[in-house]
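Structure first, then comments.
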Amino acid sequence: MLAEKLLLNVLIILLPIFIHSVLSDDKRVGNSPFLCGVLQSFALFLSLMFSYKEGGLYWDLRYVPMVLAFLYGGRIAGGMVLITYLATRTFMGGDILLGYASGFLAAIVPFLFLKRFWNLDAKRRVKTAVIIGFWPSLSMLVILITNIIINEAKGEDSNKILMNVAIFGIIQIFAVWVTAILNEAMIEKDLMKKEILRAEKLNTLGELAASIAHEIRNPLTVVKGFLQMMHKQEKGDNYYYLSLVLTELGRAESIINDYLNFAKPQFEKLEDAKLAEIITEVTLLLEAFAAKEGVQVNVKLDWDVYVKTDRNQLKQALVNLIKNAIEATEEGGEVHISQASAGQESYVVISDTGKGMDQDQLARLGTLFYTTKDKGTGLGTSVSIKIIETMGGSISFKSEKGVGTEVTIILPTYKTSFLEGQNNAKLSTIVKQ
Ligand code: ADP
Ligand code: MG
């Protein structure tokens with residue numbers, strides 16, 4: 001029966017995938033187009049051997065391995081399968097010319113699609129594979145049906161052939177679909193394995209870097225101490241140079257501290273702190289900076305909310321984010337900081353009317369050492385994210401190029417005080433210019 005033979009063909013077509021998945025762990029053979037070529041050639045050969053003969057026609061899934069070899073294995077693999085097909089077809093005899101023609105016809109479409117195929121995402125690749133896999137059979141079927149109509153075959157015969165065509169079509173689509181999905185699953189498994197290895201390497205590197213940074217910090221502090229002493233005593237030409245050395249040393253120290261803080265935020269003293277108080281302290285700290293940049297900072301606070309945290313860490317996180325907002329804003333622009341609470345969560349929203357970021361920049365934000373500033377370190381945002389996350393909070397960024405950026409921080413509320421209810425929603429506005 002046709003269906004039985006075709007299902008056997010489906011198994012034959014699945015065979016290369018299973019063998020490949022076992023061998024793919026071996027780095028040398030795993031990605032080799034030759035392995036793919038050999039396996040798919042073997043599948044094509046078996047498919048031809050087990051084809052179903054009826055009414056002078058061969059029913060099998062011969063083109064599927066060829067299309068898959070081209071799409072997933074590349075030109076070399078596809079070429080190998082094509083040669084196998086031509087050789088087997090010659091050996092089988094019959095209408096050889098028609099066999100050759102249909103072989104080339106089946107090969108040309110996946111060959112042409114090869115480059116575009118890999119620009120698609122996994123889902124589209126499966127769809128494309130199904131369509132491309134079906135097309136050589138479709139063209140053969142069209143020829144067949146035209147033949148039936150022209151020759152006006154007997155009603156019974158043509159009905160049977162049409163029935164066969166339907167079964168063939170369904171099984172063929174199913175076969176390509178399953179194989180494409182399995183192929184994609186294998187590709188994803190491979191990618192994941194690579195990603196895990198990379199993450200492990202990065203982790204070790206990160207730890208190494210943290211311990212080096214830690215070791216460097218101590219001698220740096222000693223050097224800084226002596227330089228400060230020399231700076232105080234120096235009255236001559238070197239005074240200017242020593243000032244410069246000290247500023248740069250301070251910068252190096254703050255980079256190392258930021259990096260260490262990122263690698264392992266140190267929550268030394270946990271206390272219940274009033275969120276509004278911390279925000280006020282931070283804005284006071286940045287007052288001079290905002291004034292220098294000509295940016296107005298507006299603050300709206302809710303004095304009821306307490307969070308449990310290390311004050312200095314949370315301050316550091318907020319300073320980094322607010323400083324970024326001020327730096328992004330042009331002279332005369334505004335930065336708004338508003339804080340509110342809902343249920344067990346407190347919100348701090350920092351929005352600016354600055355230069356904003358496009359999708360690409362937004363995606364890179366929070367990556368270590370990503371900066372667009374001349375004197376930037378690319379550590380601020382990463383450190384803030386790490387601190388907020390260590391506190392059990394979350395942080396999200398919304399930005400539009402040329403319009404501004406909005407940073408939303410969500411922190412778990414430790415408690416709210418109703419004693420100080422009269423201060424509730426007190427609006428304090430600090431205006432700087
Ligand atoms: P740095 O400030 O040292 O450059 P950050 O990690 O704080 O490092 O910020 C990384 C980059 O993200 C900045 O260089 C800037 O391009 C971008 N960025 C961060 N915050 C904002 C913001 N509010 N508006 C526009 N760009 C921002
Ligand atoms: Mg910054």
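What's counted below: heavy atoms across the whole structure, side chains too, no hydrogens, waters or symmetry copies. Since we're looking at a predicted model, the values are computed, not measured.
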Is there side-chain contact between [X] and [Y], with heavy atoms separated by less than 4.5 Å?
X: Val176; Y: Val67; value: no
X: Phe397; Y: Thr408; value: no
X: Ile395; Y: Leu321; value: yes
X: Glu389; Y: Ile385; value: yes
X: Ile387; Y: Phe267; value: yes
X: Ile337; Y: Asn298; value: no
X: Ile350; Y: Glu406; value: no

Using the side-chain hydrogen bond (donor to acceptor under 3.5 Å, both in side chains) criterion, which residues pair with [X]? Sequence neighbours excluded.
X: Ser382; result: none
X: Lys315; result: Glu281
X: Thr329; result: none

- Establish, yes or no, whether the cationic atom of Lys323 lies under 6.0 Å from the six-membered ring centre of Phe289 and within 45° of the ring axis. yes
**Message:** Let's go through Lys355 and Glu330 carefully: what are the C-alpha distance in whole Å and the side-chain angles of both, what is the deciding distance for salt bridge (charged side-chain N to carboxylate O under 4.0 Å, His left out) to 0.1 Å, and is it a yes or a no?
**Reply:** CA-CA 8 Å; Lys355 57 177 188 283; Glu330 299 224 332; over 6 Å; no
Restricting to non-hydrogen atoms, name the atom on [X] and the atom on [Y] that form the minimum distance, rounded to 0.1 Å.
X: Trp177; Y: Val126; answer: CD1-CG1, 3.7 Å
X: Leu6; Y: Leu61; answer: O-CD1, 4.1 Å
X: Gly392; Y: Pro412; answer: O-CD, 3.7 Å
X: Val319; Y: Val282; answer: CG2-CG1, 3.7 Å
X: Tyr259; Y: Leu379; answer: N-CD1, 4.1 Å
X: Ile76; Y: Pro33; answer: CB-CB, 4.1 Å

Checking [Y] against [X]: is there a side-chain donor and acceptor pair closer than 3.5 Å?
X: Glu253; Y: Asn257; answer: no
X: Ser47; Y: Tyr63; answer: no
X: Glu184; Y: Tyr72; answer: yes
X: Thr413; Y: Ser341; answer: no

task = Step by step, work out the side-chain hydrogen bond (donor to acceptor under 3.5 Å, both in side chains) result for Tyr100 and Thr90.
result = CA-CA 9 Å; Tyr100 286 173; Thr90 315; 2.7 Å; yes
**Request:** May I ask you to decide whether Asp60 forms a salt bridge with Arg62, counting only side-chain N to carboxylate O separations under 4.0 Å?
**Result:** yes
Salt-bridge present (Lys308, Glu271; N to O < 4.0 Å): no
Does CD in Glu188 sit with more than 12 non-hydrogen atoms of other residues, nucleotides or ligands closer than 6.0 Å?
->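 Not more than 12 within 6.0 Å, no.
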task: Decide side-chain hydrogen bond (donor to acceptor under 3.5 Å, both in side chains) for Asn324 and Thr381; before the verdict, give the C-alpha distance in whole Å, the side-chain angles of both, and the deciding distance to 0.1 Å.
output: CA-CA 8 Å; Asn324 276 347; Thr381 315; 3.2 Å; yes
Query raised in the report: Is the gap between the ring centers of Phe70 and Phe117 under 6.0 Å?
Result: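 Not close enough - the centres of the two rings lie 6.0 Å or further apart.
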